[in-house]
Asker: 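Have a look at the structure that comes next, please.
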Amino acid sequence: MKGLKALAVALLLLAFWQAGAYSGLLDPMIFPSPSDVAESLAKDLAVGDLPVQIMFSMELIGKGLLISGMLAIITGYACIKMDGFRKIVETVVTLIHPLPGVALLPLVILWVGTGKAAIIIIIVHGAFWPLMQNVLSGIGSIPYIYFKVGDNYGLSTREQIFHISIPASAPFIIAGFKIAWARAWRALISAEMIFGAAGLAGGIGWAIYKSRVFMDIAGIVAGLLLIMLIGIIVEKFVFGFIEKRTVEKWGMTR
Amino acid sequence: MKTKRIKIILAAFSLLILLSACSNDRESLAIAEQYGLAYAPVTIMKEKGILAERLEGVQIEWKQMANTAAIREAMVAGDLDIGFMAIPPFLIGSDKGMQWKILSGLSEVPVALVSLDDGIRQLSDFGESDRIALPQPGSIQHMLLSMAAEKELGDAGYFDDRIVTMTHPDGMHALLSKADIAGHFTSPPYLFMELENQEAHVVLTGKEAMGERFTFVVGVSMDEFSKENPLWEAAFKEALEEAVFFMVENPDEAAAILSEAYGIEEEKIYQYITREDIVYTQETAGMEKFHDFMESRGYIDNLGEMGNLTRGEGS
């Protein structure tokens with residue numbers, strides 16, 4: 001029911017948009033009509049580089065998130081083990097998290113060039129810090145009494161981490177990954193739009209940039225819609241799946 | 001509840017429409033150029049107040065923008081009346097329906113693809129992983145590179161996957177630091193600065209690629225502006241002519257003005273602007289060839305026969 005309503009609102013908006021374009025009130029150079037956008041998207045998907053570009057972008061995001069995730073697990077583990085280390089990590093996160101990836105780009109290009117590695121570094125920078133911050137908040141939010149109970153059961157440190165720390169902070173970690181996913185996209189698109197194709201056909205950011213320089217406004221909107229579409233699919237299927245298997249199963253959220 | 005929601009949606013849409021229909025009621029004349037020696041007469045015109053003299057009481061806004069796409073977008077939005085750019089981006093805009101025309105040519109300058117790699121002497125020497133920096137796809141540099149690739153390697157799109165977009169200064173630093181790119185397709189003064197490096201050599205010149213002389217920068221004005229302010233436009237054209245004349249007649253003085261504006265030594269600037277291969281002229285050359293090549297590659301497809309793209313010729 002709720003989904004239907006949302007769909008109706010979306011359709012109504014689209015209808016208005018199309019009507020505006022049809023009546024000539026919206027200048028197609030500024031607001032391309034939904035049909036133009038759909039046409040552009042269909043054409044790029046069917047005969048253009050777009051499928052390759054989607055795969056390319058997803059590959060970089062996947063790698064970036066994997067690296068961020070592993071770094072966060074290792075750092076998080078060390079934080080649980082050593083309280084002093086955790087204080088240091090907290091400070092570093094506060095210091096570096098606000099730096100925009102694009103501002104680091106000139107340095108990154110000097111270090112590793114403009115290839116895939118540079119984009120992955122920018123993605124990791126975008127994704128790791130919010131993830132880390134959430135992991136730290138997650139760990140910090142666990143009631144101390146849980147560990148006391150664990151002690152009473154005679155759990156080892158390893159068991160404490162896997163049976164108490166991780167499950168108890170899972171909602172935070174999942175939320176962290178969701179933010180990391182969104183940040184990874186932002187980082188990827190900005191990096192690609194700034195220095196172009198890192199691989200053969202480049203990714204979606206490069207596609208949007210190319211649409212811009214060739215004044216294909218419908219192509220720009222199509223690229224943005226595509227990113228949203230991928231976002232919805234991943235939210236629904238990947239994160240939905242993980243949540244069902246973890247926090248929902250454990251009765252932590254509904 | 002439901003009507004309220006619809007009202008909100010309607011309000012949002014009328015706002016969008018209002019925004020898009022925002023007309024341009026400026027009392028000023030806005031002009032945008034980019035950075036480089038090819039734009040020197042514009043700088044002279046600005047610094048010497050040549051245009052201001054002719055348009056007393058009119059506020060003139062000079063903008064320097066980082067790339068053509070930004071200038072084009074600002075012109076669509078009505079923020080700019082006159083913009084300077086190369087012929088290919090102009091053609092792309094016209095093809096997509098921009099109501100504008102070429103007002104005047106500005107300059108012919110040498111452009112070239114430079115490499116520091118001793119093994120790269122011609123286009124076929126670039127390897128799979130060698131990347132070439134240029135300002136943006138669809139730029140004059142990109143078109144020249146594609147033309148040469150078609151001629152020498154049989155495939156105009158040969159380098160399309162190996163292009164890195166960089167502004168001229170960034171490209172120069174990247175090339176000279178040998179960090180990342182194997183070639184840089186650039187224009188003066190960056191071209192001259194790069195060639196001062198002992199290892200730097202030219203792999204391809206714009207002339208070789210094009211096969212004939214061509215205008216590097218043209219001045220473009222919006223149709224609406226031209227219709228509403230014909231006197232301003234005429235004054236601008238005259239001022240441009242005067243600036244070009246001034247540069248030819250007084251290269252010393254011009255070099256002094258440009259040196260201050262660009263932060264390059266006066267002597268060097270003097271050498272640059274008096275070179276034989278740098279010509280400031282209001283003529284436009286090479287339109288036909290760019291048009292035909294871009295049409296054959298599918299970069300433009302709605303322009304049909306050329307014509308009516310230059311102001312004053314039956315417009």
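Reminder, nothing fancy here: chain letters follow the sequence lines and each chain counts from 1. Worth knowing before you read on, the calculation uses all heavy atoms, side chains too, and leaves out hydrogens, waters and symmetry mates.
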Asker: Within the supplied structure, the quantity of interest is the number of heavy atoms (other residues, nucleotides, ligands) at a distance under 6.0 Å from A/Arg186 CZ; does it exceed 12?
Answerer: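 No.
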Asker: Measure B/Asp170 against the heavy atoms of chain A and call it side chain, backbone, both or neither at under 4.5 Å.
Answerer: neither
Asker: Which atoms form the tightest heavy-atom contact between B/Arg72 and A/Arg212, and what is the distance?
Answerer: NH2-O, 3.6 Å
Asker: With only heavy atoms counted, which part of B/Ala133 is less than 4.5 Å from chain A, the side chain, the backbone, both or neither?
Answerer: neither
Asker: Excluding sequence neighbours, so at least two apart, what forms side-chain contact (heavy atoms from CB on, under 4.5 Å) with B/Ala32?
Answerer: B/Lys63, B/Met65, B/Ile71, B/Leu80
Asker: Mind checking side-chain contact (heavy atoms from CB on, under 4.5 Å) for A/Glu59 and listing every partner two or more places apart, or none if nothing turns up?
Answerer: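 Counting only residues at least two positions away or on another chain, A/Glu59 forms a side-chain contact (heavy atoms from CB on, under 4.5 Å) with A/Lys63, A/Lys116.
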Asker: Could you measure the distance from the CD atom of B/Gln136 to the NZ atom of A/Lys210? Nearest 0.5 Å is fine.
Answerer: 12.5 Å
Asker: Heavy-atom distance under 4.5 Å between the side chains of B/His142 and A/Val213, does that happen here?
Answerer: no
Asker: Looking at CH2 of A/Trp206 and CG of B/Asp161, how far apart are the two atoms once the value is rounded to the nearest 0.5 Å?
Answerer: 10.0 Å
Asker: Can you name the nearest heavy-atom pair linking A/Tyr209 to B/Pro137, along with the distance?
Answerer: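 Shortest heavy-atom separation between A/Tyr209 and B/Pro137 comes out as CE2-CD, 3.7 Å.
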